[in-house]
Amino acid sequence: MDFDLAPPTGVGPLRIGMTRHAANTALDALRDPAALSESDQPGQHVFRPSGLMISIHCMRDRLEAIELARPSAQTDRVLFQGVDVFALPAREVVRRVGEYTSVEADPDDAGSFIAQDLLLSFWRPFAADDEPAEEQGYYFSSVLVAQPGYYDTPAQAAERLLQGT
């Protein structure tokens with residue numbers, strides 16, 4: 001199954017800003033009833049047979065972020081504008097997503113990149129850009145789609161409140 005990232009709107013049936021109840025229902029719909037995982041946590045995350053984890057983050061009864069973790073099999077793909085974010089090397093993902101928007105390295109985490117304009121972030125536990133055999137550092141491990149303000153510092157959040165956005 002293909003999961004198309006549509007930042008800042010959401011992924012598949014999961015829509016940023018939907019109620020927690022609606023998000024739980026949408027998350028449950030992404031489970032494979034023929035292969036339920038004992039690791040599933042209703043209202044938090046599900047694991048598909050491919051190993052793809054889909055996690056939701058709610059606050060104040062609203063969905064504020066959706067995180068997807070790299071599958072172990074290619075039966076599920078996570079795409080942004082046709083770019084398979086888990087099958088391509090991390091640097092290639094950054095380059096290709098950079099054709100659509102600015103993607104910046106996180107100054108506090110060498111393995112993380114954020115596309116602020118899209119409210120989209122990519123993470124891996126460490127950078128191993130020249131070592132394809134070192135999968136955890138060569139490929140991204142997770143991608144997150146979030147609501148406006150998700151990455152704000154406290155000062156930015158205060159400014160956002162003042163502006164009413």
Side-chain angles (χ1 to χ4, degrees), residues 1-58 62-106 111-125 127-129 132-148 150-151:
M1 174 179 238
D2 285 352
F3 292 86
D4 290 308
L5 302 172
T9 304
V11 179
L14 294 165
R15 296 290 181 235
I16 299 296
M18 69 189 334
T19 66
R20 177 182 296 273
H21 176 74
N24 290 345
T25 301
L27 180 64
D28 194 50
L30 296 174
R31 297 172 81 190
D32 183 338
L36 298 178
S37 171
E38 291 181 15
S39 298
D40 287 357
Q41 293 291 316
Q44 294 179 3
H45 60 259
V46 298
F47 285 85
R48 295 189 39 86
S50 68
L52 176 71
M53 182 200 66
I54 305 166
S55 178
I56 59 173
H57 306 272
C58 296
R62 296 287 174 194
L63 180 62
E64 68 174 9
I66 306 152
E67 183 175 12
L68 295 98
R70 187 170 191 252
S72 51
Q74 289 296 312
T75 53
D76 286 325
R77 299 184 319 156
V78 178
L79 306 167
F80 174 73
Q81 300 291 327
V83 176
D84 189 332
V85 302
F86 294 131
L88 295 172
R91 286 289 173 186
E92 179 68 10
V93 171
V94 169
R95 185 190 70 72
R96 292 182 59 185
V97 171
E99 294 172 1
Y100 297 95
T101 189
S102 174
V103 180
E104 301 294 327
D106 183 335
S112 294
F113 291 83
I114 301 171
Q116 287 279 3
D117 294 346
L118 295 178
L119 303 162
L120 183 65
S121 67
F122 304 92
W123 178 83
R124 57 189 168 165
D129 295 323
E134 190 64 65
E135 287 190 24
Q136 288 188 349
Y138 192 69
Y139 299 99
F140 283 118
S141 297
S142 68
V143 62
L144 183 116
V145 177
Q147 72 178 8
Y150 189 81
Y151 298 111

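This one's a predicted model, so the numbers in the text were calculated from it and none came from an experiment.
- When atom types are taken as modelled, the side chain of S142 and the backbone of R70 share no donor-acceptor pair closer than 3.5 angstrom.
- Here the straight-line distance linking atom OG1 of T9 with atom CD of Q147 works out to 12.5 Å at 0.5 Å rounding.
- To the nearest 0.5 Å, atoms CG (D84) and CD (Q74) are separated by 5.5 Å.
- In this structure, the side chains of I54 and F3 come closer than 4.5 Å at one or more pairs of heavy atoms.
- Here the CZ atom belonging to F80 is positioned 7.5 Å from the OG1 atom belonging to T101, to the nearest 0.5 angstrom.
- In this structure, L5 CG and L79 CG are separated by 7.5 Å, a value rounded to the nearest 0.5 Å.
- Between A23 and C58, the closest heavy-atom pair is CB-SG, 4.4 Å.
- Between the side chain of R77 and the main chain of D2, no donor-acceptor pair closer than 3.5 Å is present.
- For the residue pair D106 / S112, no side-chain donor-acceptor distance below 3.5 Å is found, with atom types taken as modelled.
- Side-chain atoms of R124 do not come within 3.5 Å of backbone N or O of S141 as any donor-acceptor pair.
- Of all the heavy atoms in P7 and L118, the pair that sits closest is CB-O, 2.8 Å.
- Counting all heavy atoms, side chain and backbone alike, A115 lies closest to V103 at CB-CG2, 4.2 Å.
- Each of V145, V78, I56 was compared with V11 under the side-chain contact (heavy atoms from CB on, under 4.5 Å) criterion, and only V145 meets it.
- Nearest heavy atoms, A128 versus Y138: O-CD1, 3.3 Å.
- Inter-residue side-chain proximity for L14 and L30 is flagged as met; some heavy-atom pair is nearer than 4.5 Å.
- Side chains of E67 and H57 form a contact here, defined as non-hydrogen atoms less than 4.5 Å apart.
- In this structure the side chain of V93 never reaches within 4.5 angstrom of the side chain of F113, judged on heavy atoms.
- For E99 and R96, the salt-bridge test fails: no basic side-chain N is under 4.0 Å from an acidic carboxylate O.
- Note that the OH atom of Y139 and the CZ atom of F122 stand 16.0 Å from one another [nearest 0.5 Å].
- Minimum interatomic distance between R15 and L63 (heavy atoms only, all atoms of both residues): O-CD2, 3.4 Å.
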Intermediate values then yes/no, side-chain contact (heavy atoms from CB on, under 4.5 Å), E104 and I114 | CA-CA 5 Å; E104 301 294 327; I114 301 171; 5.6 Å; no
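- In this structure, I16 and E64 have side chains that are not in contact, with every pair of non-hydrogen atoms separated by 4.5 Å or more.
- Going from atom CE of M18 over to atom CZ of R62 covers 10.0 Å, rounded to the nearest 0.5 Å.
- A 4.5 Å side-chain heavy-atom check between D28 and V46 finds every atom pair outside the cut-off.
- Using a 4.5 Å cut-off on side-chain heavy atoms (C-beta onward), F140 and V85 make no contact.
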